[in-house]
2 protein chains.
Amino acid sequence: MDIDVGAHLKAVRQMYGLSQRELAKRSGVTNGLISLIEQNRVSPSVSSLKKVLDGIPMALSDFFTFDPAGRPQVFFAQDELTDIGSGAVALRLVGSRLAKRSMSILHERYGAHADTGTEMLTHNGEEGGVVVRGRIELTVGGESRVLGPGDAYYFNSTMPHRFRNPAREECEIVSASSPPTF
Amino acid sequence: MDIDVGAHLKAVRQMYGLSQRELAKRSGVTNGLISLIEQNRVSPSVSSLKKVLDGIPMALSDFFTFDPAGRPQVFFAQDELTDIGSGAVALRLVGSRLAKRSMSILHERYGAHADTGTEMLTHNGEEGGVVVRGRIELTVGGESRVLGPGDAYYFNSTMPHRFRNPAREECEIVSASSPPTF
DNA sequence: TAAAAACGTTTAATATAATTGACATTATGG
DNA sequence: CCATAATGTCAATTATATTAAACGTTTTTA
């Protein structure tokens with residue numbers, strides 16, 4: 001899944017209704033360079049690509065994550081949810097598992113005393129969520145805390161973390177992680 | 001908020017325990033180039049930066065969004081939530097409004113017949129959510145649908161969209177959007 | 001303690017990005 | 001219908017990224 005920088009820039013530029021020369025003037029590079037970049041005849045330095053994007057304006061991070069093609073509409077209700085886990089922890093992924101997404105949104109249910117395990121989880125990105133029902137014990141970076149309905153959390157997923165339901169009552173959470181974990 | 005490419009690459013490389021020469025060998029560029037990039041004595045072309053990142057491996061989009069500094073732990077409960085809207089639509093942002101995040105996670109409450117307005121919303125990125133309580137009418141790209149508890153949605157935010165509570169009963173949603181809208 | 005290997009840095013040669021100024025083509029206006 | 005300005009492209013020059021091979025320093029190992 002390699003991004004086509006040239007086509008990408010062209011699409012973004014046109015989406016903003018700018019000509020190569022207009023964008024050149026606004027960004028401080030020459031129109032010729034923009035032409036060459038869009039034809040993939042050169043691979044711009046990140047400094048000049050940044051200049052160009054400043055003229056739009058758009059951040060580098062957005063340029064590399066944004067999909068100008070306008071991916072096909074995803075829009076569904078309960079029937080389109082994907083069940084992932086079936087044990088003590090039940091996960092329902094919002095959205096197709098195949099489609100490219102920038103987040104994973106999950107509807108999680110922790111059965112009585114369910115636990116993600118003593119082996120701490122760690123991965124790139126960030127995650128957060130809101131407790132809808134029941135109680136959950138969240139351990140992040142050595143610190144533990146029990147959250148109830150209406151409570152919420154947000155942390156960097158590179159820090160070792162673990163979820164555990166301390167009660168007999170089922171616990172329900174809506175969470176999101178970026179980049180997607182599913 | 002301009003990213004320091006050199007320092008950033010160095011931080012990422014060291015985080016993966018790679019020396020300049022190791023990374024050079026794995027990525028197919030010279031160690032000298034990596035040294036120059038890390039000192040910001042050159043601004044790499046995106047093609048060579050991509051080569052370098054492939055050796056880690058890390059995607060360009062992650063490189064420009066990822067914060068290697070290991071931002072201070074964010075981890076809080078109800079007391080740390082930020083109230084944004086106060087009218088018919090009440091929004092609670094999960095996490096500090098100041099901190100750099102890759103997502104906005106919101107706990108939303110729509111009062112009786114609350115509406116985001118006839119002026120359709122449109123912005124970059126993607127968003128999705130799960131309906132926790134009540135009912136919400138979601139219109140995306142001309143198509144409307146009423147969602148109830150357990151139902152969920154996910155769509156590209158560039159498509160014009162609108163939320164409306166068709167009932168007298170309050171509606172509660174947990175949503176996420178990336179990049180962050182708050 | 002010396003030899004060897006690894007580390008990041010630097011310099012000169014080379015490859016490539018970026019500018020400049022012109023070109024052909026298509027739209028805009030008098 | 002011609003003139004004028006806009007569009008994107010291209011060739012030659014200039015600026016800069018990238019390579020290859022060396023350097024000095026630190027760490028490893030015998």
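Letters A, B, ... are given to chains in the order of the sequence lines, protein chains preceding strands, and every chain is numbered from 1. As a basis for the values below, the full set of heavy atoms in this structure was taken, side chains included, without hydrogen atoms, waters or symmetry mates.
One finds a salt bridge joining R133(B) and E170(B) here, because a Lys/Arg side-chain nitrogen approaches an Asp/Glu carboxylate oxygen to under 4.0 Å.
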side-chain hydrogen bond (donor to acceptor under 3.5 Å, both in side chains), that's the test. Do E108(B) and S175(B) meet it? Break it down for me.
CA-CA 7 Å; E108(B) 315 182 12; S175(B) 74; 2.6 Å; yes

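End-to-end axis angle for the helix from dT1(C)-dA30(D) to dA27(C)-dT4(D), using five pairs per end and rounding to 10°, comes out at 20°.
At least one side-chain heavy atom of Q20(B) sits less than 4.5 Å from a side-chain heavy atom of S35(B).
S48(B) approaches V29(B) most closely through the heavy-atom pair O-CG1, 4.5 Å. Nearest heavy-atom pair, F63(A) versus I3(A), reported as atom, atom and distance to 0.1 Å: O-CD1, 4.1 Å. The heavy-atom pair separating A24(A) from N31(A) by the smallest distance is CB-N, 3.4 Å.
Remark: of the listed residues R13(B), K10(B), Q14(B), R13(B) is the sole one forming a side chain to side chain donor-acceptor pair (under 3.5 Å) with E38(B).
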For every nucleotide of nucleotides 5-24 of chain D, 5' to 3': is a protein heavy atom under 4.0 Å from its base (B), only from its sugar-phosphate (S), or from neither (-)?
--BBBB------SBBS-B--

